[in-house]
Enquirer: 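Mind looking over this structure? Questions follow.
Note that this is a predicted model, so its numbers are computed, not measured.
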Amino acid sequence: MLALIHRRRPLSCSAGYLTQVYAVADAEIQKLRHDPSELLTRALQPAIWLLLFGQVMAQVRGIAGDGRYLDFLAPGILAQSVLFAAIFYGIAAIWERDLGVLHRYMVSPAPRSALVLGKAASSAVRGLAQAIIVYGLAVILGIDVTFAPANIAGVAIFIAIGSALFSTFSLIIACIVKTRERFMGIGQVLTMPIFFASNAIYPIDLMPGWLKAISYANPLTYEVDGLRALMLTNGASQYGLSFDLTILVAVTVLLVAVAARMYPHMTT
């Protein structure tokens, strides 16, 4: 009997932990349900990049090797739209502190890591919504995307982890700066270097040596590499899907651990 109780305890604890993560994520997702127009406004950014930037840069020969530039660009724009949505996620945490919501989180019995993971999970849902928009634009523009179930599932995994990674990074920034004005300034400063110092809009082979080094240390590079292999019909990963996924998961775990320690300090 005692052995049975001991076996059930870990299961009960795990179920309780997941319930707490879900509760935080659901509270965040409710905001999106009440204001779905946010998704429509966020659809403008990838549309502009694909329609304007993509059409112009497609005229530059050799930038995408032997393939079409729009095919090369689409996974990068998908990763970019997820990045831009997630990187400003920390400002919501600052609003919650100002409104007193954060204080209620802090007095709850939920582990701090569950609070962080709940917010990361809600960001993943937003990222998947962005993916639907970009896929629709890709079909309209004749980009050679694949709809094989395994590939779609792989894209969803990479988008979810990428969203969780950058939203958690955003939360850490919010814990450091603690004001909306500072956060907006730092968020804008960080977003473009992360995007341009990756393989999202041009191959790493075209970069100077110092920028290549930064790109290899940039998690967005591995998200784009995975998406490029999974999203396109004849896509291929430069580093290997397992390596890309390992990097993203490892960085996400590290950031969640850091954010869980820093999150309570936002109330001070």
Enquirer: Quick one: does Arg228's side chain have a donor or acceptor within less than 3.5 Å of a partner on Ala200's backbone?
Expert: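 Checked: pair present.
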Enquirer: Between Asp144 and Leu232 (side chain of the first, backbone of the second, donor and acceptor by atom type, cut-off under 3.5 Å), is there such a pair?
Expert: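 It does not hold such a pair.
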Enquirer: Are Val253 and Leu165 linked, directly or through intermediate hydrophobic residues, by side-chain heavy-atom contacts shorter than 4.5 Å (ILVMFWY only)?
Expert: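 Same hydrophobic cluster.
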Enquirer: Let me confirm one number: the CD1-CD1 distance from Ile77 to Ile201, rounded to the nearest 0.5 Å.
Expert: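 Taking CD1 in Ile77 and CD1 in Ile201, the distance rounds to 7.0 Å.
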Enquirer: I want to check something: taking the side chain as every heavy atom from C-beta on, are Phe158 and Leu78 in contact at a cut-off of under 4.5 Å?
Expert: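 No, every pair of side-chain atoms sits at 4.5 Å or beyond.
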Enquirer: Do Phe243 and Asp225 touch side chain to side chain, with heavy atoms closer than 4.5 Å?
Expert: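 The answer is no; the side chains never approach within 4.5 Å.
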Enquirer: Relative to each other, are the rings of Tyr239 and Tyr216 parallel, tilted or perpendicular (30° and 60° limits)?
Expert: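 Perpendicular, since the angle between the ring planes exceeds 60°.
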Enquirer: Quick check: is Ile140 connected to Val145 through a chain of hydrophobic side chains (ILVMFWY, heavy atoms under 4.5 Å apart)?
Expert: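 As far as the 4.5 Å side-chain criterion goes, Ile140 and Val145 are not connected within one cluster.
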Enquirer: Just wondering, are more than 12 heavy atoms of other shown residues or ligands nearer than 6.0 Å to CZ in Arg182?
Expert: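 Counting other residues, nucleotides and ligands, CZ of Arg182 stays at 12 neighbours or fewer.
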Enquirer: State whether the side chain of Ser123 and the backbone N or O of Ala86 hold a donor-acceptor pair below 3.5 Å, judged by distance alone.
Expert: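 No: the side chain of Ser123 does not pair with the backbone of Ala86.
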Enquirer: Using 0.5 Å steps for rounding, measure from the CD atom of Gln80 to the CD1 atom of Ile87.
Expert: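 Gln80 atom CD to Ile87 atom CD1 measures 12.5 Å (nearest 0.5 Å).
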Enquirer: With side chains defined as the heavy atoms from C-beta onward, is the minimum distance between Tyr263 and Lys119 less than 4.5 Å?
Expert: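 A side-chain contact exists here, since the closest heavy-atom pair is under 4.5 Å.
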Enquirer: Between Ser113 (side chain) and Ala260 (backbone), is there a donor-acceptor pair under 3.5 Å?
Expert: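 The answer is no, because no donor-acceptor pair under 3.5 Å joins these two groups.
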Enquirer: Whether the side chain of Ser215 engages the backbone of Leu211 through a donor-acceptor N/O pair (distance < 3.5 Å, no angle test) should be reported.
Expert: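 Not confirmed, Ser215 side chain does not pair with Leu211 backbone.
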Enquirer: Is there a continuous path of hydrophobic side-chain contacts, each under 4.5 Å between heavy atoms, that joins Phe147 to Val134?
Expert: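 Shared cluster, yes.
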Enquirer: Would you say the side chains of Asn218 and Ser198 form a donor-acceptor pair under 3.5 Å?
Expert: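 The criterion, which ignores hydrogens and geometry beyond distance, is not satisfied for Ser198 and Asn218.
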Enquirer: Nearest 0.5 Å please: distance from the CD1 atom of Ile204 over to the OG1 atom of Thr221.
Expert: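 The distance works out to 4.5 Å.
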Enquirer: Examine Trp49 together with Phe195 and report whether their ring centres are nearer than 6.0 Å.
Expert: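 Trp49 vs Phe195: aromatic centres under 6.0 Å.
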Enquirer: Under a single-linkage definition using a 4.5 Å side-chain heavy-atom cutoff for Ile, Leu, Val, Met, Phe, Trp and Tyr, are Val189 and Ile91 assigned to the same hydrophobic cluster?
Expert: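 Not linked; separate clusters.
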Enquirer: Can you tell if the side chain of Thr179 reaches within under 4.5 Å of the side chain of Ile94, non-hydrogen atoms only?
Expert: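 Counting from C-beta outward, Thr179 and Ile94 never come under 4.5 Å.
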Enquirer: Do you know which two heavy atoms are closest between Met262 and Ile172, and how far apart they sit?
Expert: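 Heavy-atom minimum between the residues: SD-CG2, 3.8 Å.
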Enquirer: Is the shortest side-chain heavy-atom distance between Leu83 and Glu223 below 4.5 Å?
Expert: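 Leu83 vs Glu223: side chains apart.
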Enquirer: Any non-hydrogen side-chain atom of Phe72 less than 4.5 Å from a side-chain atom of Pro203?
Expert: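 The answer is yes, as the side chains (C-beta and beyond) meet within the 4.5 Å cut-off.
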Enquirer: So does Phe196 get a backbone contact from the side chain of Tyr202, meaning a donor-acceptor N/O pair under 3.5 Å?
Expert: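 Checked: pair present.
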Enquirer: Short question: side chain of Ser163, backbone of Ile159 - any donor-acceptor pair under 3.5 Å?
Expert: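 Such a contact is found between Ser163 side chain and Ile159 backbone.
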Enquirer: Kindly compute the distance separating CD1 (Ile186) from CD (Glu181), expressed to the nearest 0.5 Å.
Expert: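 So the gap between those two atoms works out to 11.5 Å.
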Enquirer: Within a strict 4.5 Å, meaning less than it, do heavy atoms of the Ile132 and Leu128 side chains meet?
Expert: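 No - every pair of side-chain heavy atoms lies 4.5 Å or more apart.
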Enquirer: How long is the span from the CG atom in Asp71 to the CG atom in Leu141, to the nearest 0.5 Å?
Expert: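 It is 10.0 Å, given to the nearest 0.5 Å.
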Enquirer: Does a side-chain heavy-atom distance below 4.5 Å link Met192 with Phe84?
Expert: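 The answer is yes; the side chains approach within 4.5 Å.
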